[in-house]
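Structure, as structure tokens:
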Number of protein chains: 2
Amino acid sequence: MQAEIITIGDEILIGQITDTNSKWIAERLNEIGVSVYQITSIQDDKEHILKALAEAEANADIVIVTGGLGPTKDDITKHTLVNYFDDELVMYAEIAEHIKKLFAIIKYPYTASDLQQAMLPKKATILQNNQGTASGMWFEKSGKVFVSLPGVPNEMKGLMQNHVLPKLQNNFKLPYILHKTINTYGLGESKVAERIADWEDNLPKFMKLAFLPSYGKLRLRLSVNGWDKIAMESAIANEIEKLHLIIGDIIVDYDNGDTIEQIVHDLLTKNEQSLAVAESCTGGAIASLLTKMPGASKYFLGGMVTYSEKTKRELLKVSANAINNHTVVSKEVAEEMALNCKSIFKTDYAISVTGNAGPTTDNTDKTVGVVFIGVATPNDVIVKEFSFGTPREKVIEKAIIKSLELLRKEILKNNKNSLLDM
Amino acid sequence: MQAEIITIGDEILIGQITDTNSKWIAERLNEIGVSVYQITSIQDDKEHILKALAEAEANADIVIVTGGLGPTKDDITKHTLVNYFDDELVMYAEIAEHIKKLFAIIKYPYTASDLQQAMLPKKATILQNNQGTASGMWFEKSGKVFVSLPGVPNEMKGLMQNHVLPKLQNNFKLPYILHKTINTYGLGESKVAERIADWEDNLPKFMKLAFLPSYGKLRLRLSVNGWDKIAMESAIANEIEKLHLIIGDIIVDYDNGDTIEQIVHDLLTKNEQSLAVAESCTGGAIASLLTKMPGASKYFLGGMVTYSEKTKRELLKVSANAINNHTVVSKEVAEEMALNCKSIFKTDYAISVTGNAGPTTDNTDKTVGVVFIGVATPNDVIVKEFSFGTPREKVIEKAIIKSLELLRKEILKNNKNSLLDM
């Protein structure tokens, strides 16, 4: 079963916003066994929308369209769909009532054009949007499904979860799509490819391997598509067992796409241990990443962003000695930051980060890209020095990931039992 | 001049990563006068790539392809391009030398497949990649340009800036594309549309209007495409003047896409004033957003993420009285957090955020989505209560934006002169 995702909106094509909807939709479709054949972003232009719909109809079984359903004149998706399906707009009284109710809740008067949002295609099944005035529309045409959803992320997500995904599972007999990601660390893409060349050549025909290099690590992803979930899982397990014999030394862990922050989150939650962070060049990004996950308050007690030398001294009590003799970007300062952070917040673990993200080096003797990361543990403190190069955003990104990876290692070291079930 | 961007890689279509490259490329192309007609994401599949190239050739003048240039077997873009252009691979000795040099710098041995990266299409102009082994390739075919770039963001960006953008400006006579965004605040999309209906109907034919609603605000974007930059600018200024007479009461400001963090960053830098933040439910995200911008250290002294009640008491010195009588999610606690943060960091301004992002409410009497935001200023402190609804990510996102908007207002109030040049 193949799907195409079409996003409509000039704001994507002029680079004003990033299309995050398509990633989310693609992930959800994969989970229920629908492969995404293509993602297409196009302008709010009638002819272009009609062309994209026709091409999608030729190539895919399911077409998910987002965007262009607002109440203003630049929103033309609804009218274009009516045109494409040779349909007409009719008033859906229950949707009009729903729209009135939405405005009553926020105590705000509705306008005539808000009510026009209840004028919807006669042939479509209307999917009620609990968060906004733009309804979802479900069309069927010669066995193919077309769904039109608003582009506002929360509204799109609500409609997908409440209506579209269950309806797709009802309408189609869907296969399983399994992905297993193997996280490796410490060896370049070409080196790894060399070592696993024979294994790769002998993979079963139905299994697909992808190399996903990113800052400081390489992920290998195995994908299988089929009907027999148990056989597929065992085939993947089988290949991973063989792989472990070849590159077991560089395999960090396996996951189904879990991020490093999710892994740390799960570990600390399971172990009932606590964490605080002292951030300089990452500027709160580590705290932010962790606290985006519901349940972070179970283990995350807090953080300090000590962006200036003064705040490092006054708030984190870093000694004048360490700063004067080694500058703020140093092993010594990172160590004191981690230890003091742990004791100030009274946690089991603390992370510290101090470095030069650039573009200038300010008052240190270290070059741009040099970052010291400390992890204070129940019994110990470790500090590692890194050289993350340029530009600034890469340095910050690498420092975040590396600090969470170091923390993960230390948690595992301090909770030997956990190793068994990772 | 129309461009199409094609991204190649299964990881986008299974929803493993968000395609941020295309947004960046689209923004850069717009800046030099190239409109993006379509963005297409496809799998690492030869037939599909060939089909996408042919379609792009039919519709666009410039085709930018990213992804699939790594040294491993799942990277098939190069071979597919050779096929498409009826070309052959030859060894580029200077690229081989460059690859060897890259490995020498990081003191890491190269493999045979790394050197294979110097086998490149004979007909292409090769664009040297200073950050990796995958070169860019520039093809020309009946007046159209095809560029293939690696998918690793920093490598792609380097090649675009050093080679592709200057070459495009050299090759084509490019028009100007101007966008002007008007930020409004406090009125819904349909209400605004109603008020400006006549103005919208009378816009010059060459001017395009878009409505961009997002959390709590509505942006209006005017776009013009043409050769006479001065005439275009004056036409936009003319329309904005008229618009101001109609909805001047809800216009916050005008920008060319500046984010609220950029506006705050510029204001504080210009006024030489300092800021600290005390974050609870936003968990470091405000600090992180500001410190991502180079130069933030000029005004940003630091932040505290007081995620637990205990840390609010111990680190931010919030009174037991305020917490016990009003819970941690209250006007009183937000006010103390802002004032104490300002005095701890000794700054001109401090932001505080305390709220329930959900999904649960923990130990407070407030419903999920309720957030109090405080701003301490040189002479005053203000606190506002908001109800951001659900889900968690929306609450956090809205709290971040709202807190920076409140800060912006207070800075302007306290620096009357600045108002003149905003």
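Note on naming: letters A, B, ... go to the chains in the order of the sequence lines (proteins, then strands), and numbering restarts at 1 for each one. Below, each value reflects all heavy atoms present in this structure, side chains not excepted, and no hydrogens, waters or symmetry copies.
- Looking at every heavy atom in both residues, B:Ala357 comes nearest to B:Val395 through CA-CG1, 3.8 Å.
- Under the 3.5 Å distance criterion, with hydrogens and angles disregarded, a donor-acceptor pair is assigned to the side chains of A:Ser190 and B:Asp114.
- Annotation: maximal heavy-atom pairing with chain B below 4.5 Å, among A:Glu194, A:Gln117, A:Arg221, occurs at A:Arg221.
- Of all heavy-atom pairs spanning A:Ser274 and A:Leu301, the tightest one is CB-CG, 4.2 Å.
- Only the side chain of A:Lys51 comes within contact range of chain B, with at least one heavy atom under 4.5 Å from a heavy atom of that chain.
- Looking at B:Leu187, both its backbone and its side chain come within 4.5 Å of chain A, counting heavy atoms on both sides.
- The part of A:Glu200 that comes within reach of chain B is its side chain, from C-beta onward, which places non-hydrogen atoms under 4.5 angstrom from that chain.
- In this structure, the side chain of B:Arg392 engages the main chain of A:Lys292 through a donor-acceptor pair within 3.5 Å.
- Looking only at heavy-atom pairs under 4.5 Å with chain B, the residue among A:Leu29, A:Asp19, A:Thr20, A:Ile17 that has the most is A:Ile17.
- For B:Glu31, no part lies near chain A; criterion is any non-hydrogen pair under 4.5 Å.
- Using a 4.5 Å cut-off between heavy atoms, A:Glu314 contacts chain B through its side chain alone, with no backbone atom that close.
- Counted by atom type alone, B:Arg28 and B:Gln161 present zero donor-acceptor pairs between their side chains at under 3.5 Å.
- Counting heavy-atom pairs closer than 4.5 Å to chain A, the top-ranked of the candidates B:Ser22, B:Ser308, B:Gly303, B:Ser35 is B:Gly303.
- Taking both residues in full, the closest heavy atoms of A:Leu69 and A:Pro150 are given as CD1-N, 3.5 Å, listed atom of the first, atom of the second, then distance.
- For A:Leu212, the part lying near chain B is the side chain, with the backbone staying farther off; criterion is any non-hydrogen pair under 4.5 Å.
- Proximity to chain B involves both the backbone and the side chain of A:Ile12, based on heavy atoms less than 4.5 angstrom apart.
- Only the side chain of A:Glu55 has a heavy atom closer than 4.5 Å to any heavy atom of chain B.
- Here the side chain of A:Asn21 pairs a donor or acceptor atom with the backbone of A:Gly151 at under 3.5 angstrom.
- Residue B:Ile14 touches chain A through both its backbone and its side chain, counting heavy-atom pairs closer than 4.5 Å.
- Between chain A and the options B:Lys157, B:Lys191, B:Glu4, the largest number of non-hydrogen pairs under 4.5 Å is found for B:Lys191.
- Residue contact with chain B, scored on non-hydrogen atoms closer than 4.5 Å, involves the side chain of A:Asp75 exclusively.
- Within the 4.5 angstrom heavy-atom criterion, no atom of A:Gln116 approaches chain B.
- The side-chain heavy atoms of A:Ile49 and A:Asp45, taken from C-beta on, include no pair separated by under 4.5 Å.
- If you measure heavy-atom distances from A:Ile177 to chain B, you find no contacts under 4.5 Å at all.
- Side chain of B:Asp10 to backbone of B:Gln43: no donor-acceptor contact under 3.5 angstrom is found.
- Side chains of A:Thr282 and A:Glu279: a donor on one and an acceptor on the other come within 3.5 Å.
- Here the side chains of B:Lys398 and B:Lys394 are in contact, with some heavy-atom distance below 4.5 Å.
- Contact count against chain A (heavy-atom pairs under 4.5 Å) is highest for B:Ser41 among B:Ala26, B:Ala197, B:Ser41, B:Gly295.
- The shortest non-hydrogen separation linking B:Ser223 to B:His179 is OG-ND1, 2.8 Å.
- Taking B:Met304, B:Lys310, B:Lys73 one by one and counting their heavy-atom pairs under 4.5 Å with chain A, the maximum is reached by B:Lys73.
- For A:Lys312, no part lies under 4.5 angstrom from a heavy atom of chain B.
- With a 4.5 Å cut-off on non-hydrogen atoms, A:Glu189 touches chain B through its backbone and its side chain both.
- Comparing A:Pro294, A:Ser113, A:Ala287, A:Ala193 by how many heavy-atom pairs each has under 4.5 Å with chain B, the most go to A:Pro294.
- Heavy atoms only, all atoms of each residue included: A:Leu209 and B:Asp74 are closest at O-CB, 3.6 Å.
- Using a 4.5 Å cut-off between heavy atoms, A:Leu316 makes no contact with chain B at all.
- Of all the listed residues (B:Val36, B:Ile42, B:Thr291), the one sharing the greatest number of non-hydrogen pairs under 4.5 Å with chain A is B:Thr291.
- Ranked by heavy-atom pairs under 4.5 Å with chain B, the first of A:Thr72, A:Thr311, A:Asn30 is A:Thr72.
- Contact count against chain B (heavy-atom pairs under 4.5 Å) is highest for A:Tyr37 among A:Phe300, A:Tyr37, A:Phe345, A:Tyr110.
- Residue contact with chain A, scored on non-hydrogen atoms closer than 4.5 Å, involves the side chain of B:Leu315 exclusively.
- Side-chain contact of B:His48 with A:Gln38: a donor-acceptor pair under 3.5 Å is present, judged by distance alone.
- Taking every heavy atom of both residues into account, A:Thr181 and A:Arg219 meet most closely at CG2-CB, 3.7 Å.
- The side-chain heavy atoms of A:Leu220 and A:Ile196, taken from C-beta on, include a pair separated by under 4.5 Å.
- Looking at A:Ala3, neither its backbone nor its side chain comes within 4.5 Å of chain B, counting heavy atoms on both sides.
- Interface residue B:Ala296: backbone and side-chain heavy atoms are both found under 4.5 Å from chain A.
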